A.B. asks: 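So that we are looking at the same thing, I have put the structure below in structure tokens.
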Amino acid sequence: MKLHIRNTLTAMVTAAAMLTCTTSAAVPAAADGNTYTDPDTGITYNTQDDWLHVEGNQIMDAAGNPVWLTGCNWFGYNVGSQVFDGVWSQNMHDMLRQIADHGFNVLRVPMSTQILLQWKNNEPDDLIKVNTYSNPELTLEGIEGGTCMYSFDIWNYAVKWCRELGLKIFIDIHSAETASAGHQVSLWYTDQYSTEDWLEALAWFADYYKNDDTIIAIDLKNEPHGTADTPDLMARWDGSTDPNNWKYAAERAAAAVLEQNPNLLILAEGTEVYPKFEDGADWTSQNIDYSRYPYSYYHHTWWGGNFRGAVDYPIDLGEHQDQLVYSPHDYGPLVYEQTWFYEGFTQETLMEDVWYDNWFFLHDQGIAPLLMGEWGGFLDEEHDADGRNRAWMTALRDLMIEHKIHHTFWCFNENSGDTGGLVYDNFGKWDEEKYAFVEPSLWQDDAGVYISLDHEIALGANGQSLSDYYGGGTVTTPEQTTATTAQPDKQPGDVTCDGNVKIEDVILLNRYIAEDTTITITAKGLTNADMNNDGSSTSDDAIAILRLLAGLSV
């Protein structure tokens, strides 16, 4: 049901910046063993201390400390760009830095079976959308306008930079074939790429990064779906070994991954439909009873959001069951007008009509953790004039905060046609309104300092390491942050949120007003900067902070 329209923004890319690249030796992801020494910086990283596992409905680090994965999606590798979208105009390293600085501690990266096998076999790129003037470090010569690197080498630079930023990664197989509409294919195989190809790609990727805990999980397949209108293309969930049985396929895929690296979290999404067995239906039933239209013989929900099959047929990972995370997707009325979006819907009606029986029961009954792999949408008045999409987003966000449900927001990209993104203006500016909405759902302490999933590396410029947060490994339950208490009381003038008001706060605010994209101010910092409480940050506020510093009336 969800359609991501990949806009072609021709003004973004020039012929000089989109180059046909030849193969080259891949940049090593990590040395064998427990550490990796970066050849560029000389810094040595522990690459085996951040693996995660599952206990009940929580995800834990090796010391038994609960963690909270709160990230975002950034697509491109799955649609034919051969790189993250937006690298056609902006600097990739800087965009990754901005994501970490804004407090997202994990990055979900859509991939395709096709591109993983291309990298495995060292096959050449076709057209790669890298602006080599904005990204000289992604050229073989290291100069502006140089020869673009091979896409796998560029990906490994992304891994390297995420490692340095304390930002973790997991990929999802968004589609079998690399294509802008590849996600609309319902199953994990096509006539071009088989189930065996999918398993081969997953196993290779898991093996390649088995010594690098920058990559902490694999989402096996994006949004398995389909209905009984096309039975052979309908993702099922039962006890069979049929080719289109998602449970069977997911267990095979998980085994292929965990054989190479038993430390990876396995994210398994749901299906679209499940038969109403309580009404006598089964997987052979037709989709709609037209004599009772619109009655369906199936429980319907979003693609990838139906986990009713897990009640009678839970995914079985054997000795590695403590690596399993279930990962639903959920969207609002601007993506599709579902029946549960009737006038006056609330969090309570959503829970009763769709959330509990499709996925929330997994968390509520302590069966497994949930990671909401995709959620998001427009909040602006142009798209959401009646505020219904905001109402849905608020209900889901607050539920995830209250219950510490892991999530990755859809998406960083501005070119997702039915949701928009966290950035705009050719990936050059942040949508501060949308970010301010999402920010309370990011893992942070009482002072608003973001928390990394890395024990050694602080998250970006505004975060801390996991060891910093837990004080050397003491097992402590994370605070139950809520939408109303996620940001402490306003501290006028403290733009940097370091507990003091000083000239650096004025400098940072002035750079923000000048639209300097190399800096970041958190939503709490913007609240502190708003000295006259008019809902904006202007030069008047900067002057007011100066007056505060000078001991004058504000």
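Not measured: the values here are computed from a predicted model. What's counted below: heavy atoms across the whole structure, side chains too, no hydrogens, waters or symmetry copies.
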A.B. asks: Apply side-chain contact (heavy atoms from CB on, under 4.5 Å) to residues Arg397 and Val438 and explain how you reach the verdict.
C.D. replies: CA-CA 8 Å; Arg397 179 199 64 181; Val438 175; over 6 Å; no
A.B. asks: May I ask you to decide whether Asp238 forms a salt bridge with Lys247, counting only side-chain N to carboxylate O separations under 4.0 Å?
C.D. replies: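 Lys247 and Asp238: not salt-bridged.
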A.B. asks: Would you check if Asp85 and Asn415 make a side-chain contact, meaning some heavy-atom pair closer than 4.5 Å?
C.D. replies: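 Yes, side chains in contact.
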A.B. asks: Quick check on the 6.0 Å ring-centre criterion: do Trp204 and Trp119 meet it?
C.D. replies: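 No, the ring centres sit 6.0 Å or more apart.
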A.B. asks: Mind listing the closest non-hydrogen atom pair of Asn91 and Asp94 along with its distance?
C.D. replies: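 It is OD1-N, 2.9 Å.
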A.B. asks: Kindly give the heavy-atom pair with the smallest separation between Trp198 and Leu220, and that separation in Å.
C.D. replies: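 Minimum heavy-atom contact is NE1-O, 3.1 Å.
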A.B. asks: Hey, is the main chain of Asp61 close enough, under 3.5 Å, to the side chain of Asn65 for a donor-acceptor pair?
C.D. replies: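 Judged by distance alone, no pair lies under 3.5 Å.
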A.B. asks: Can you find a heavy atom in the side chain of Trp88 that is under 4.5 Å from one in the side chain of Phe427?
C.D. replies: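 Answer yes - side chains close enough.
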A.B. asks: For Glu414, is there an ion pair with Lys434 - N to carboxylate O distance below 4.0 angstrom?
C.D. replies: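 Not counted as a salt bridge, because no side-chain N and carboxylate O are separated by less than 4.0 Å.
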A.B. asks: Please check: side-chain N/O of Thr195 versus main-chain N/O of Tyr189, any donor-acceptor pairing under 3.5 Å?
C.D. replies: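 Between the backbone of Tyr189 and the side chain of Thr195 there is no qualifying donor-acceptor contact (under 3.5 Å).
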A.B. asks: Under the side-chain hydrogen bond (donor to acceptor under 3.5 Å, both in side chains) rule, what do Trp430 and Gln98 come out as? Steps first, then yes or no, please.
C.D. replies: CA-CA 9 Å; Trp430 279 73; Gln98 291 176 41; 2.7 Å; yes
A.B. asks: Taking NZ, NE, NH1 and NH2 as the nitrogens, is one of them in Asp38 or Arg163 under 4.0 Å from a carboxylate oxygen of the other?
C.D. replies: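 Answer for the salt bridge query: no.
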A.B. asks: Is the distance between the ring centroids of Trp410 and His174 under 6.0 Å?
C.D. replies: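 When the ring centroids of Trp410 and His174 are compared, they turn out to be within the sub-6.0 Å range.
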A.B. asks: Examine distances only and state if a side-chain atom of Asp125 and a backbone atom of Ser151 form a donor-acceptor pair shorter than 3.5 Å.
C.D. replies: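 Such a contact is found between Asp125 side chain and Ser151 backbone.
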A.B. asks: Within 45° of the axis and under 6.0 Å from the centre of the six-membered ring of Trp68, does NZ or CZ of Lys404 qualify?
C.D. replies: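 Judged by the rule (NZ or CZ under 6.0 Å from the ring centre, within 45° of its axis), Lys404 counts as positioned above Trp68.
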A.B. asks: Ignoring hydrogens and geometry, is there a side-chain-to-backbone donor-acceptor pair from Gln444 to Leu442 under 3.5 Å?
C.D. replies: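 Checked: pair present.
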A.B. asks: Could you check whether atom CD of Glu456 has more than 12 heavy atoms from other residues, nucleotides or ligands sitting under 6.0 Å from it?
C.D. replies: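 Atom CD in Glu456 is packed in, count exceeds 12.
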A.B. asks: When you look at Gln464 and Ser452, which way does the side-chain hydrogen bond (donor to acceptor under 3.5 Å, both in side chains) test go after all the steps?
C.D. replies: CA-CA 6 Å; Gln464 60 189 304; Ser452 174; over 6 Å; no
A.B. asks: Taking all heavy atoms of Ile99 and all of Trp74, pick out the closest pair and write down the distance.
C.D. replies: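 Nearest pair, atom of Ile99 first, then Trp74: CD1-CE3, 3.7 Å.
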A.B. asks: Which is it for His407 and Trp375 under the side-chain hydrogen bond (donor to acceptor under 3.5 Å, both in side chains) test, yes or no, and what are the steps along the way?
C.D. replies: CA-CA 8 Å; His407 63 90; Trp375 70 287; 3.2 Å; yes
A.B. asks: Could you check Glu223 against His329 for side-chain hydrogen bond (donor to acceptor under 3.5 Å, both in side chains), going step by step and ending with a plain yes or no?
C.D. replies: CA-CA 8 Å; Glu223 297 180 351; His329 292 182; 2.8 Å; yes
A.B. asks: Show your working on side-chain contact (heavy atoms from CB on, under 4.5 Å) between Leu69 and Thr408 and close with a plain yes or no.
C.D. replies: CA-CA 8 Å; Leu69 283 66; Thr408 46; over 6 Å; no
